[in-house]
Protein chains: 2
Amino acid sequence: MRIWTFDTTLRDGTQGEAVSFSVEDKLLITQKLDELGIDYIEGGWPMSNPKDKEFFLKARELKLKHAKLTAFGATRFARNPVEKDSNVLALLEAETPVISIFGKTWDIHATRVLGISLEENLTLIADTVRFLKDHGREVVYDAEHFFDGYQANADYALSTLEAAKEAGADVLCLCDTNGGTLTHRLAEIVSIVRERFDGILGIHCHNDCDLAVANTMAAVDQGVTHVQGCMNGYGERCGNANLSSVIANLEAKLGHSTIGPEKLTSLTSVAHYIAELANLPVPAGQPFVGRSAFAHKGGVHVSAVLKDSITYEHIRPSVVGNRQRVLLSDLSGRGNILYKLQQYGIGDRLKDDAKRELLDRMKTMEYLGYELEAAEGTFELLVREALQPGMHFFEVVSFEVGTRMIGSRPSETTATIILRINEAIHSATASGEGPMNALDLCLRQCISATYPAIASVRLTDYKVRVISTEKGTASKVRVLVEWSDHRRSWATVGVSDNVLEASWNALVDAIRLELMRLADKDESIEKAVEDYCWGV
Amino acid sequence: MRIWTFDTTLRDGTQGEAVSFSVEDKLLITQKLDELGIDYIEGGWPMSNPKDKEFFLKARELKLKHAKLTAFGATRFARNPVEKDSNVLALLEAETPVISIFGKTWDIHATRVLGISLEENLTLIADTVRFLKDHGREVVYDAEHFFDGYQANADYALSTLEAAKEAGADVLCLCDTNGGTLTHRLAEIVSIVRERFDGILGIHCHNDCDLAVANTMAAVDQGVTHVQGCMNGYGERCGNANLSSVIANLEAKLGHSTIGPEKLTSLTSVAHYIAELANLPVPAGQPFVGRSAFAHKGGVHVSAVLKDSITYEHIRPSVVGNRQRVLLSDLSGRGNILYKLQQYGIGDRLKDDAKRELLDRMKTMEYLGYELEAAEGTFELLVREALQPGMHFFEVVSFEVGTRMIGSRPSETTATIILRINEAIHSATASGEGPMNALDLCLRQCISATYPAIASVRLTDYKVRVISTEKGTASKVRVLVEWSDHRRSWATVGVSDNVLEASWNALVDAIRLELMRLADKDESIEKAVEDYCWGV
């Protein structure tokens, strides 16, 4: 059956405690979700804060291929006529094809929270839905607290749906707002609603009882065809139904049609992409998309999986774009790179002493605080330096960077670097927005004439962590930088007690790696390292 | 109904990729689970590693009040008579009152993995169970892959249970080893088994479809009275059913009797205690026990919760030993901002316009990319600036910091700052290990004479992340710094396109906050903010 997917990562998702997206993040995520084949993308609540207002303004420039952008808001305030209600008008100003509005289902919410009569609440719902329909919008009506409301006062709960339906709502979405409804009870109530109402029913579950995905699946069993959730299960309190799990279950386990099997293979990468922007790690054990989702550690499991992976895997990892991993001990882990190089037919290119030196350098760097498995770029550079000895491309003679701030004026940063390229000295001085930018500009000025290809390399993420803090502001830091050349992305690491030196090293390594790759186009090196870092 | 709880954190839990416990950890966790009122504690697999062997040896010293310690192992090897099978003998040597053994249910596992006939597998199961019963043990028979096995060959799957049952197994535990069974299907199969077998049935679910807790609950609906799981949902791949969620649902939502309502109030602390020993954070959004499980961020939610917490809480947090928190963020309504101040009796010290200005400043800062809820120090400074207007202590005239690196020698960093303190100009120059350290040294040189108290403030953590990356190395960054003065710790945030400027702002705010605190010792301000941001 066709099930419509509604993603609220950008609205309910941002109500999760640690979740915060910039306007730029939101635009990137919208495009990513559109590429994934999501049907509805709820972008935010234009009334609630300037960030969401700006998002909808900028989102008009986006060319979405498939998804319908959706603005979220509440039914009109009791004191305002609908055409003068600033919340409702802000929804129209968002200029989205779809609007989702929530109304009160639970009697105590109308009387105690809004302080209005039950009858009045029905009018708010009907007025708002009709007004938005009259302005040509597709309207998703979110029946807030539907299940609690139904259990408190079934007739009234149903009458709120009736009001929205008669006013022309296109979807009646049943919300388990507090996440407290158990699966069997939720299924019973959905089936009653299904008998009463034709048209599209939706479900919106929260995970307070650890049942959000199961409840969403149970609702679909009962005839719901519109499922709401958040990628990675972000959202208020314990989060919303994890939409990546819901999609995988509906598509890969039940054969329903959502984003389609082809796009399903990018589920893992999209989930990780969004987590990166949220600066939250994807839990290793997250179903379907986590790094450990198909990782085998128990001895019995490992030996069986090597015989036939169906013995301990419920689906093929590739169906959701994930991969099988067989975990190795740290000890065998390091030596395993040689095995990988062998596997990819590169081993023979390494002399024994080069192999030994590679392992020694890895050991030293790990000891210094580099995390090579998290920095495939730096690690690939190590391997390539062993495979292609003596290729340096350029030598850093010196760099210097200074920042000065006077009064409350913005700071000014200038850098100067001196390089030696094939015995010739090159130097450059540049001002930048911060030291990393100034150094980057200098480096490119010095080498772009000799190596024009590096123009395509750009920074996509930058993270700094203190490794050990016993020295206060003098503590050692690890800088992790992610780069892209539009064909692929990679990360490099720098470690130093000086954040600028660590950043500089990560920058130089990233550029050097790109040059190494261009000098030896054998992609099996890259693949071997990727495999190693994934512990496949 | 009485439901028996079986915790396998120490066995299946340690098959999770990141989970590892020392023998000492395992002993501490065993005592903690016993205090929690868990019925069965599976301690490990004595055959599989020396650590587990040692654990069972030392565990004999433990005086457990309630729980039965359980040793885990496999049915005998085909080549050994049971009384000579080292795995089975190791189970007896563990000297536990209960032994859980797993046997093969799924025909391909017998034939392809073990390489024996289906008939022979039944003999292994019967021999092993009978032998352990003859030695006076309570035996939990884990039917591995029961649901996959049933769907592949129902008659054979049931015959393995028959073999275990006839040999005297006390519990027949149905395992969804691969975690691939959907809830409705699992319930159907359990009900069929329930009709065929009397006595105690158990359930052991994995979370590969994000359904482990729901599947466990569905099995209980069908008459299962023995539930297996791991605290915090640890375990192979995506983990086991989260036992803390299962217990909370059974006890608090369905009124079954497991550990009892009194011990349920220590569920949150036990979950965090075990996570501490695993050195894994409890996910903030973890149902029932997570820090965010009852944390309200959305403005609508907050204002309603302040009227009546039932409006957005499905149970009272205290039932599971957790607490309500009201969070700060760009989504928050006025209720968020003033709730705690009022609660701590500070609200009256703020004029209405000061309140409005505070809210406006917060919204602006959030919009610029500050994350105030993660930086209670910066927020406290905002509040204090509203409460104590016009206190600046010192004014930054200028700062300058430069790093220089020549060849492969370590970099050198020098900073100079000029401040105005009570109309007098102070300046200092210092070299440091990195720019942050050099600036810190200068700042302290300048102000320590006037404000000696700041000597005790030191950095304890430092994090940088890019907010939006569209500008590559010129992207805006957020710097989060954690500080301690040995009495308490707090975090400050700086945002800028220059990592040094952002770091400097976080540093200045941290010092200024300390001075503000010394100028107004009313700790209720600090408490209100701390309570607000951390729910302490």
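In what follows, chains are A, B, ... by sequence order, proteins preceding strands, each numbered from 1.
Separating the CG atom in B/N249 from the CG atom in B/L254 is a distance of 7.0 Å, to the nearest 0.5 Å. Interatomic distance, A/K51 NZ to A/E24 CD, rounded to the nearest 0.5 Å: 12.5 Å. Rounding to the nearest 0.5 angstrom, the gap separating the CZ atom in A/F147 from the CG atom in A/D176 is 6.0 Å. Between A/D208 atom CG and B/Y312 atom OH the span is 12.5 Å, to the nearest 0.5 Å. Atoms CE and OG1, on A/M217 and A/T183 in that order, are 11.5 Å from each other to the nearest 0.5 Å. For the atom pair A/K463 NZ and A/L480 CG, the distance stands at 6.0 Å (nearest 0.5 Å).
For B/D308, the part lying under 4.5 angstrom from a heavy atom of chain A is the side chain only. Interface residue B/T403: backbone and side-chain heavy atoms are both found under 4.5 Å from chain A. Residue B/I406 touches chain A through both its backbone and its side chain, counting heavy-atom pairs closer than 4.5 Å. The contact between A/V397 and chain B is made entirely by backbone atoms, counting heavy-atom distances below 4.5 Å. With a 4.5 Å cut-off on non-hydrogen atoms, B/V457 does not touch chain A at all. Only the backbone of B/V396 comes within less than 4.5 Å of a heavy atom of chain A; no side-chain atom from C-beta onward does. For chain A, no part of B/A248 is nearby; none of its heavy atoms comes within less than 4.5 Å. Only the side chain of A/K104 comes within less than 4.5 Å of a heavy atom of chain B; its backbone N, CA, C and O stay farther away. Interface residue B/D210: backbone and side-chain heavy atoms are both found under 4.5 Å from chain A. Interface residue B/T14: only backbone heavy atoms are found under 4.5 Å from chain A. Both the backbone and the side chain of B/S411 come within less than 4.5 Å of a heavy atom in chain A. No part of B/V246 comes within reach of chain A, as not one of its non-hydrogen atoms sits under 4.5 angstrom from that chain. Residue B/Q286 touches chain A through its backbone alone, counting heavy-atom pairs closer than 4.5 Å.
Contacts with chain A were tallied for B/I315, B/V401, B/D440, B/L211; B/V401 has the most, counting heavy-atom pairs under 4.5 Å. Comparing B/T413, B/I108, B/I310 by heavy-atom pairs within less than 4.5 Å of chain A, the highest count is held by B/I310. Put simply, of B/M436, B/E313, B/H184, B/H145, the one with the most heavy-atom pairs under 4.5 Å next to chain A is B/H145. Looking only at heavy-atom pairs under 4.5 Å with chain A, the residue among B/P287, B/P435, B/A218 that has the most is B/P287. Put simply, of B/N207, B/V479, B/D148, B/I417, the one with the most heavy-atom pairs under 4.5 Å next to chain A is B/N207.
Checked by atom type, the side-chain pair A/S22/A/D25 shows a donor-acceptor distance below 3.5 Å. B/S496 and B/N498 share no side-chain donor-acceptor pair at under 3.5 Å.
Under the 3.5 Å distance criterion, the side-chain polar atoms of A/N232 are left unmatched by any main-chain donor or acceptor of A/Y234.
Looking at heavy atoms from C-beta onward, A/F288 lies in side-chain contact with B/C209 at the 4.5 angstrom threshold.
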